[in-house]
Amino acid sequence: MPKDTKRSTAKTTRTGKKKKDPNAPKRGLSAYMFFANEQRENVRAENPGIAFGQVGKVLGERWKALTTAQRKPYEDKAKADKQRYEDEKLAYQGGGADDEDEDDD
DNA sequence: ATTTTGATTGTTTGT
DNA sequence: ACAAACAATCAAAAT
């Protein structure tokens with residue numbers, strides 16, 4: 001039996017965010033996010049007057065309804081987003097390698 | 001090196 | 001602005 005490695009996906013939206021990172025390099029988005037961005041209109045369009053959580057549910061079902069091929073475009077964006085985060089984390093850790101100029105806020 | 005955990009992403013509606 | 005359900009993620013920390 002495969003180790004589940006505890007998947008905490010049931011908590012959902014933790015408004016009380018405790019970050020230990022100094023400058024908190026926000027991660028990248030997820031494929032689902034991009035997928036939702038596109039489908040949200042479609043789902044809502046097909047479900048007039050759909051409830052709050054319902055939309056999300058239907059959305060998720062549709063998401064899995066796709067194949068890796070369909071997710072590909074979304075995953076692609078997700079990866080691109082990750083790279084975006086990479087820059088953040090890079091700057092988040094790598095302060096000044098040799099010389100750096102940053103805008104004082 | 002491996003495992004776990006924690007933090008984060010964006011959307012929906014309604015108040 | 002935030003509240004859950006939906007899925008991914010994945011990088012960093014702990015072991």
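Chain letters run A, B, ... following the sequence lines, proteins first, then strands; residues in each count from 1. Computed from a predicted model, the values in this text were never measured in an experiment.
Listed nucleotides: C/dC10, B/dT8, B/dG10. Nearest to the side chain of A/K26: B/dT8. Looking at the side chain of A/Y85, the nearest of the listed nucleotides C/dA11, B/dT13, C/dA7 is C/dA11. Listed candidates were B/dT13, C/dA7, C/dA5. Nearest to the side chain of A/K57 is C/dA5. Nearest nucleotide to the side chain of A/N37, out of C/dT9, B/dT11, C/dC10: B/dT11. The side chain of A/K89 sits closest to C/dA11 out of C/dA11, B/dT13, B/dT9.
Residue A/Q83 contributes atom CD, which lies 15 Å from atom C1' of C/dT9 at whole-angstrom precision. For A/E86 and C/dA11, the CD to P distance is 7 Å, given to the nearest whole Å. With rounding to whole Å, A/F35 atom CZ is found 11 Å from B/dT11 atom C1'. For A/L59 and C/dA7, the CG to C1' distance is 9 Å, given to the nearest whole Å. Look at NZ on A/K77: it is 11 Å from P on B/dT11, rounded to the nearest Å. Separating the CD atom of A/E38 from the P atom of B/dT12 is a distance of 13 Å, rounded to the nearest angstrom. Rounded to an integer number of Å, the gap from A/R84 CZ to B/dG10 P is 13 Å. C/dC6 atom P lies 21 Å from atom CZ of A/F34, rounded to whole Å.
Considering only heavy atoms from C-beta on, A/Y74 comes within 4.5 Å of A/E38 through its side chain. For the pair A/F35/A/R62, a side-chain contact is recorded, criterion being any heavy-atom separation below 4.5 Å from C-beta on.
Annotation: of the two residues near DNA chain C, A/F52 and A/A78, the 5′-most nearest-nucleotide partner is A/F52. Nucleotides of DNA chain B nearest to A/Q54 and A/S30 differ in position, and the one nearer the 5' end is that of A/S30. Of the two residues contacting DNA chain B, namely A/D81 and A/I50, the nearest-nucleotide position lying further toward the 5' end is that of A/D81.
Residues A/K79 and A/E75 are not paired through a salt bridge, judged by the lack of any N-O separation under 4.0 Å between the basic side chain and the carboxylate.
Counting atom types as modelled, A/R27 pairs a side-chain N or O with a base atom of C/dT9 as donor and acceptor under 3.5 Å.
For the segment residues 60-74 of chain A, the set of residues with a heavy atom within less than 4.0 Å of an atom of DNA chain B is empty.
Judged purely by atom type and a 3.5 angstrom limit, A/E88 uses its side chain to pair as donor or acceptor with the backbone of A/K26. Under a 3.5 Å cut-off, the side chain of A/D81 and the backbone N or O of A/K77 do not form any donor-acceptor pair. In this structure, the side chain of A/N47 engages the main chain of A/V43 through a donor-acceptor pair within 3.5 Å. Under the 3.5 Å distance criterion, the side-chain polar atoms of A/Y32 are matched with a main-chain donor or acceptor of A/G60.
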